[in-house]
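Beneath this line is the structure, given in structure tokens, with notes to follow.
The figures that follow rest on heavy atoms only: side chains count, while hydrogens, waters and symmetry mates do not. All chains are named by letter (A, B, ...) in the order of the sequence lines, taking the proteins before the strands, and each is independently numbered beginning at 1.
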Amino acid sequence: MSNLSEHEIRRREERAKLEDLDVDPYPPQGWEVTAHAADVLAGFDDAKHQPNEDGEAKETWRVSLAGRMMSKRVMGKAAFFDLQDESGTIQVYIRRDDLPEHYYNQVFKKLLDIGDVVGVEGFAFRTRMGEVSIHVERFELLAKSLRPLPVVKEVEGQVYNEVTDKEFRYRQRYVDLVVNPHVREVFRKRARLIATLRHFLDARGYLEVETPVLQPLYGGAAARPFTTHHNALGMQLYLRIADELYLKRLIVGGFDGVYEIAKDFRNEGLSRFHNPEFTMLELYVAYKDYAWMMDLVEEMIEHVARELHGTPDVQVGDHAISFARPWKRIPLFEAITEKTGHDLYGKDRAALAAAAEALGLEIDETMGAGKIIDEIFGEFVEPHLIQPTFITDYPVELSPLAKKHREKEGLVERFEVIVGGKEICNAFSELNDPEDQRRRFEAQARLAAAGDVEATREIDEDYLRALEYGMPPTAGLGVGIDRLAMMMTDQASIRDVILFPLLRPEAPAPATAKEEAAAEAEP
RNA sequence: GAUCCCGUAGCUCAGUUGGCAGAGCAUCUGACUUUUAAUCAGAGGGUCCCAGGUUCGAGCCCUGGCGGGAUCACCA
């Protein structure tokens, strides 16, 4: 108990006093909610609902709400407090003489705090100061709060004592959500974003499926996996880095359009743009190619922007971005030529390395031709692509699962969408030639053997077997949902669109003590 | 993994040249039946992230560590 703050000690004492007064701090029953704060504020009609001098209204509007007490202003025998529910905040007026004997003096005034969850029932009215409020006639404590909640105040748009500490906000997201209304709005938008994508795809008849998170072989992307172990089977498993290879098995199986909104896991560093677990939309449609997929992506993302903002124009950081169709489409090598003056198409590794060095990039021996092109693009082109842009036709060595280009030697039919200088989509005509696919896997295995930690070492024989049965020509798409959410909600960090981003654990004192004891016991 | 910045009361933050650890809000006591950052009078509250070092004396200087942020590296 000694490590509790004065506030925490006092609230525990209050809890005990409540129980002494037969007020259950955690009553078992619910509370009938007939209205939310925002409904009352929006629906209050002075002509109908406002009581006159005698307390009579043409039409008394009785409401019952539940939520958290966010402030408390006691003025002797009456008090005001702010009640926050999921919709917003409304002021509540509470009088001693409207409540059961002694409840106001002994319970409400003395034992209830900011942060407590309460139910109120009463009628809506407008105070002398002009604020629509609830005049309480029935009041109940629904859950006692034992920790002090940060108190944030807002006056005429000016916010005081706003909780801004990132660590506090991410570790205690529940508090962040309580005290920062704009954070709740970000996650509502994210939910709407995903729902909109799902409806868009469902409306076109594509089937939403679920594929394994735990995979005996990982593939479908270049990344290091997390590993885990299944006890009963005694086998190592990987958390998926992509669901691509399973979804294409389903195309082989005869579903002509499948998608999954999946958590993927990549064992990489953390940054403003990377969380080790993240959400990806993958879509595969049979009998289509990447050109068709570009049309679909444009339509889908514009639709999302309109659903979330009512317009295809979205402010992202310093940029006013328009998702209105059509978007610019430019082949990768043309884009590079445009920005750097170097035409790199068809050049061998030595020529590419020379160009890169002429541009001031550092090149080392381990970088292949594809990697050098990728570096040049990432450095000189990608950051300048602010409006949505399709970059098309990538080098084959960067794309082991994409079909070779129908005309351009050494390229594949692939595109990425760049917005605000960041990739948000990756798509291609899927490689369905099993023998070509085997050669690509073998090339990856050689890279892995040569020390590339992100190349897939093992060949997925079952995937090749599936392709050998015959996969229709197929267009595939991957959309980074977190990064799309960052744009659509104008957040600069991926942690601000993930409810519980990965952080290092808070150092728990007991563990430290245990370790010290173990260390002392060792010699 | 590297570099830079940050860590002080429940929250937001000051803290002088190294010299008794502060403010606002929150909390507590009292007053107040339409207040609204309610007000008025009074009061309490600190592992200054942790561990060492320098010093008569460290929130402040030095070393190491922990945690967070930004940039970079990494990242189909």
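Nucleotide B:C40 is matched to B:G30 when pairs are restricted to Watson-Crick or G-U wobble geometry with both distances under 3.5 angstrom. Base pairing annotation: B:C4 forms a Watson-Crick or G-U wobble pair with B:G69, both donor-acceptor distances under 3.5 Å. The pairing partner recorded for B:C48 is none, the criterion being a Watson-Crick or G-U wobble arrangement whose two distances lie under 3.5 angstrom. The partner of B:G59 cannot be assigned: no Watson-Crick or G-U wobble pair with both contacts below 3.5 Å exists in any strand. Pair assignment for B:U16: none, as no Watson-Crick or G-U wobble contacts are both less than 3.5 Å. B:G24 is paired with B:C11 under the Watson-Crick or G-U wobble criterion, all donor-acceptor distances under 3.5 Å.
Distances shorter than 4.0 Å separate some side-chain N or O of A:K77 from OP1 or OP2 on B:U33. Regarding contacts with the backbone of B:A26, every side-chain N or O of A:K72 stays at 4.0 angstrom or more from both OP1 and OP2. Between A:R504 and the phosphate of B:G67, there is a side-chain N or O to OP1/OP2 separation shorter than 4.0 Å. For B:U39, neither phosphate oxygen OP1 nor OP2 lies less than 4.0 angstrom from any side-chain nitrogen or oxygen of A:R73.
Using a 4.0 Å heavy-atom distance criterion, A:K109 is classed as making no nucleic acid contact.
Between B:G42 and B:U35, the distance separating the two P atoms is 25 Å to the nearest Å. Separating the C1' atom of B:C20 from that of B:C48 is a span of 15 Å, rounded to the nearest Å. B:C60 and B:A51 have their P atoms separated by 13 Å, with the value rounded to a whole Å. B:A58 sits 23 Å from B:G65 when the P atoms are compared, rounded to a whole Å. Comparing B:G30 with B:C13, their C1' atoms sit 30 Å apart, to the nearest whole Å. Comparing the same atom, C1', in B:U47 and in B:C66 gives a spacing of 15 Å after rounding to whole Å. Separation of the P atoms belonging to B:C49 and B:A37 is 34 Å when rounded to the nearest angstrom. Comparing B:C32 with B:A9, their C1' atoms sit 29 Å apart, to the nearest whole Å.
Salt bridge A:E121/A:R62: present, at least one basic N to carboxylate O contact under 4.0 Å. Using a cut-off of 4.0 Å between Lys/Arg side-chain N and Asp/Glu carboxylate O, A:R446 and A:E442 are scored as not salt-bridged. We find that A:D82 and A:R73 are joined by a salt bridge, their nearest charged nitrogen and carboxylate oxygen being less than 4.0 Å apart. Between A:E454 and A:R224 there is no salt bridge, since no side-chain N of the basic residue sits under 4.0 Å from a carboxylate O of the acidic one.
Rounded to whole angstrom, the span from the CD atom of A:Q84 across to the P atom of B:U36 amounts to 21 Å. Distance, A:M75 CE to B:U36 P: 8 Å, rounded to whole Å. Separating the CD1 atom of A:I90 from the C1' atom of B:U35 is a distance of 15 Å, rounded to the nearest angstrom. Look at CZ on A:F123: it is 11 Å from C1' on B:U34, rounded to the nearest Å. Spacing between atom CD of A:Q50 and atom P of B:U34 amounts to 15 Å, rounded to whole angstrom units. The separation between A:M129 atom CE and B:U36 atom C1' is 7 Å, rounded to whole Å. If you take CZ of A:F80 and C1' of B:U36, they are 8 Å apart, rounded to a whole angstrom. We find that CZ of A:R224 is positioned 12 Å from P of B:G1, with the value rounded to whole Å.
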Task: Pair A:F500-A:Y174, ring pair (Phe, Tyr, Trp, His ring centres under 6.0 Å): steps then yes or no - done: CA-CA 10 Å; A:F500 300 101; A:Y174 33 86; 7.6 Å; no

Open item on the list: The test is side chain to side chain donor-acceptor pair (under 3.5 Å); show your working for A:D98 and A:H135 and say whether it passes.
Closed with: CA-CA 9 Å; A:D98 293 332; A:H135 185 129; 2.8 Å; yes

Open item on the list: Using the rule given for ring pair (Phe, Tyr, Trp, His ring centres under 6.0 Å), can you reason through A:W61 versus A:F123, listing the C-alpha separation, both sets of side-chain angles and the distance that settles it, and then say yes or no?
Closed with: CA-CA 5 Å; A:W61 188 12; A:F123 59 89; over 10 Å; no

For residues 391-399 of chain A, which side-chain N or O atoms pair as donor and acceptor with protein atoms under 3.5 Å away, sequence neighbours left out?
from: A:D393; atom 1: OD1; to: A:Y290; atom 2: OH; distance (Å): 2.6
from: A:D393; atom 1: OD1; to: A:H405; atom 2: NE2; distance (Å): 3.4
from: A:D393; atom 1: OD2; to: A:H405; atom 2: NE2; distance (Å): 3.4
from: A:D393; atom 1: OD2; to: A:K408; atom 2: NZ; distance (Å): 2.9
from: A:Y394; atom 1: OH; to: A:E416; atom 2: OE1; distance (Å): 3.4
from: A:E397; atom 1: OE2; to: A:G370; atom 2: N; distance (Å): 3.2
from: A:S399; atom 1: OG; to: A:P395; atom 2: O; distance (Å): 3.4
from: A:S399; atom 1: OG; to: A:R414; atom 2: NH1; distance (Å): 2.7

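Paired with A:Q91 under the rule side chain to side chain contact (heavy atoms under 4.5 Å, CB included), one option of A:L83, A:I134, A:T127, A:L41 passes, and it is A:T127.
For the residue pair A:T456/A:Q444, the side-chain donor-acceptor check at 3.5 Å is not satisfied. A donor-acceptor contact closer than 3.5 angstrom is absent between the side chains of A:E430 and A:T474.
Set against B:G68, B:C25, B:C32, the side chain of A:K153 has B:C25 as its closest nucleotide.
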Collect all protein-nucleotide pairs involving nucleotides 4-15 of chain B in which both atoms are nitrogen or oxygen and the distance is under 3.5 Å.
from: B:C11; atom 1: O2'; to: A:N161; atom 2: O; distance (Å): 3.4

- [ ] Sugar-phosphate means primed atoms, P, OP1 and OP2; the rest is base. With that split, encode nucleotides 70-76 of chain B 5' to 3' as B, S or - using protein heavy atoms under 4.0 Å.
- [x] SS--SBB

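Map A:I114 and A:Q91 each onto its nearest nucleotide of RNA chain B; the residue landing nearer the 5' end is A:I114.
Around atom CZ of A:R184, more than 12 heavy atoms belonging to other residues, nucleotides or ligands sit under 6.0 Å away.
No N or O donor and acceptor, one from the side chain of A:R128 and one from the base of B:U34, sit under 3.5 Å apart.
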